[in-house]
Amino acid sequence: MDELEATNPMLSPIQLRKHLIEAGWTDRAIARAVARRDLAKVRWGAYVDAAAYDALDEAGRNGLRARAVVAQAGTPLVVSHTSALPFWGAPTWGLDLTDVHVTRPDRKAGRHEAGVQQHRGKLLPGDTVTRGGVIVSSPTRLGIEVTTSGRTEAALCVVNDLLHRGLTTSEELERRYRAIGEDATDPMDHWPHTLTANTVFMLCDARIESVGESRLFYLCWLFGLPMPIPQYEIRDRWGRLVARVDFAWPELGVYMEFDGKIKYTKLLRPGETITDVVLREKAREQQVCEITQWRPVRVDWNDLQHGAATADRINRVLHPPLLSA
């Protein structure tokens, strides 16, 4: 588990008001520095270099606020739930990043105030790791926590990402999840949304590589379609690997690809444009169809916004109507 790069703007030094005052600043001087965009206000009483703050996306700013909350706290805290995601580079699609989420190691009752949601829960050995100078939930615990923080689809995107990058395993997730119910001092019913957790752990798959693929896999399950095989290898008659498609139903003679901008960017070779990649992908699709004689389905981000219609389109390819004699 590589440590975060020291140049990550989320790790920029946080200046607490009390320390600035001790160093001779006044509240008026701090306000002027914020107005000049020398400093940016992270939360009440905490500031950071404005350029670093501007370089962060919403997830990174939540992580920065989490560091400020820990620095200002009068008790040890673990950065957890959605606030731990940016420390692991995990996706935050579909999750609410308004509040900072922390867990109290002392297991005192959690509370919600000033944009901070405190959680209580028994922390076992291996549940926490130090990242970026703060203690955060380990990937295994985080995979469970995220099932309590949002919709099933969003949680599945996170868990698949953690699995795909080898930060945890399905076995580790299941073992830690079972420990919640087996521990009388940390009963499962204290962890809300256990139905979400059960669904996520049933569907999660380390082969799924992106948020778009996770959402497409979830769409198939949600609308009762046959579940496809992720990252299916296509080989020619000599057994040579020709392509790896995102999903396939070999028994139905259909394969499916998710088209996303990030996917095409990742496929760029030195000196190429997106157009070059698209043309190469079309040639690849033709080759796959010639080898397999399968029917292709392509889905993009916009299609995911119209789940029922997209599921119906996929189903019609999987089960084409019989032609009348």
Side-chain angles (χ1 to χ4, degrees), residues 1-4 59 62-63 66 76-95 101-105 107 110 117 119-211 213-215 217-218 221 227-231:
M1 298 180 185
D2 296 335
E3 178 58 283
L4 291 171
N62 184 280
L77 296 173
V78 175
V79 178
S80 62
H81 297 74
T82 52
S83 293
L85 295 175
F87 289 89
W88 293 108
T92 58
W93 175 87
L95 295 168
H101 290 260
V102 293
T103 295
R104 295 182 60 122
R107 302 193 65 193
Q117 175 65 64
H119 302 268
R120 60 182 289 259
K122 187 173 184 178
L123 293 166
L124 301 181
D127 275 353
T128 61
V129 178
T130 299
R131 299 274 291 177
V134 297
I135 301 174
V136 304
S137 295
S138 69
T140 300
R141 184 180 176 93
L142 179 56
I144 299 172
E145 290 175 341
V146 77
T147 65
T148 74
S149 304
R151 295 181 292 122
T152 304
E153 184 180 10
L156 180 63
C157 293
V158 173
V159 172
N160 278 344
D161 174 78
L162 298 175
L163 291 173
H164 181 69
R165 291 190 287 141
L167 297 177
T168 187
T169 66
S170 296
E171 293 74 20
E172 290 171 333
L173 286 167
E174 291 174 5
R175 185 164 53 248
R176 182 61 185 91
Y177 187 52
R178 285 198 305 269
I180 298 170
E182 294 169 356
D183 188 346
T185 66
D186 192 19
M188 190 179 298
D189 58 11
H190 284 182
W191 288 66
H193 310 304
T194 53
L195 181 59
T196 295
N198 291 335
T199 302
V200 168
F201 298 149
M202 174 185 68
L203 293 175
C204 64
D205 193 311
R207 293 171 292 181
I208 296 177
E209 297 181 341
S210 69
V211 169
E213 291 176 22
S214 289
R215 294 188 61 198
F217 194 66
Y218 178 77
W221 174 81
M227 296 307 290
I229 300 173
Q231 296 302 311

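Keep in mind that what you see is a predicted model, and the values were worked out from it rather than measured. For this chain, numbers begin at 1 and follow the sequence in order.
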note = The side chain to side chain donor-acceptor pair (under 3.5 Å) partners of S80 (sequence neighbours excluded) come to T103

ask   = So do the side chains of I229 and R207 get within less than 4.5 Å of each other, counting heavy atoms only?
value = yes

remark   = In short, V79 meets A66 closest at the heavy-atom pair CG1-CB, 3.8 Å

key: Separation between CG of L163 and CG of D205, rounded to the nearest 0.5 Å   = 8.0 Å

message = As an exercise, state the distance from SG of C204 to CD of E174, rounded to the nearest 0.5 Å.
response = 7.0 Å

ask   = Between E171 and R175, does a salt bridge (Lys or Arg N to Asp or Glu O under 4.0 Å) hold up when you go through it step by step?
value = CA-CA 6 Å; E171 293 74 20; R175 185 164 53 248; over 6 Å; no

message = How close do V211 and P91 get, counting heavy atoms only, and between which atoms?
response = CG2-CB, 3.5 Å

key: Ring geometry between H119 and H81 (parallel below 30°, tilted from 30 to 60°, perpendicular above 60°)   = parallel

key: Check: P139 main-chain N/O paired with T168 side-chain donor or acceptor under 3.5 Å   = no

query = Just by modelled atom types, is the E172 backbone N or O under 3.5 Å from a matching donor or acceptor in the T169 side chain?
reply = yes

request  = May I ask you to test the V136-T130 pair for a side-chain heavy-atom distance under 4.5 Å?
outcome  = no

ask   = Is the closest side-chain heavy-atom distance between F217 and P228 below 4.5 Å?
value = yes

inquiry  = Run the side-chain contact (heavy atoms from CB on, under 4.5 Å) test against T128 and tell me which residues pass, sequence neighbours left out.
reply    = V78, L123, I135

request  = Drop me the distance from R151's CZ to W93's CH2, to the nearest 0.5 angstrom.
outcome  = 4.5 Å

query = Could you go step by step and tell me if W221 and L156 meet the side chain to side chain contact (heavy atoms under 4.5 Å, CB included) rule?
reply = CA-CA 12 Å; W221 174 81; L156 180 63; over 6 Å; no

Heavy-atom check, side chain of L85 versus side chain of L142, under 4.5 Å = yes

request  = Look at the side chain of W88 and the backbone N and O of S137, then say whether any donor-acceptor pair between them is shorter than 3.5 Å.
outcome  = yes

ask   = Is there a donor-acceptor pair under 3.5 Å between the side chain of S210 and the backbone N or O of E213?
value = yes

key: Under 3.5 Å: donor-acceptor pair, side chain of T147, backbone of G143   = no

message = Using side-chain heavy atoms (C-beta onward) and a distance below 4.5 Å, is E209 in contact with Q231?
response = yes

message = Quick check for you: to the nearest 0.5 Å, what is the distance between T199 atom OG1 and E153 atom CD?
response = 12.5 Å

request  = Mark yes or no for whether D161, through its side chain, and A90, through its backbone, hold a donor-acceptor pair below 3.5 Å.
outcome  = no

ask   = Does the distance from a Lys or Arg side-chain N to an Asp or Glu carboxylate O, for D127 and R176, drop under 4.0 Å?
value = yes

query = Could you state the interatomic distance from CZ (R120) to CZ (R104), rounded to the nearest 0.5 Å?
reply = 11.0 Å

message = To the closest 0.5 Å, what do you measure between CD (E145) and OG1 (T82)?
response = 9.5 Å

query = Is the backbone N or O of H101 less than 3.5 Å from a side-chain atom of S83, with the two atoms forming a donor-acceptor pair by type?
reply = yes

Heavy-atom side-chain proximity of F87 to V129 below 4.5 angstrom = no

query = Looking at side-chain heavy atoms only, is the closest gap between T196 and T148 below 4.5 Å?
reply = no

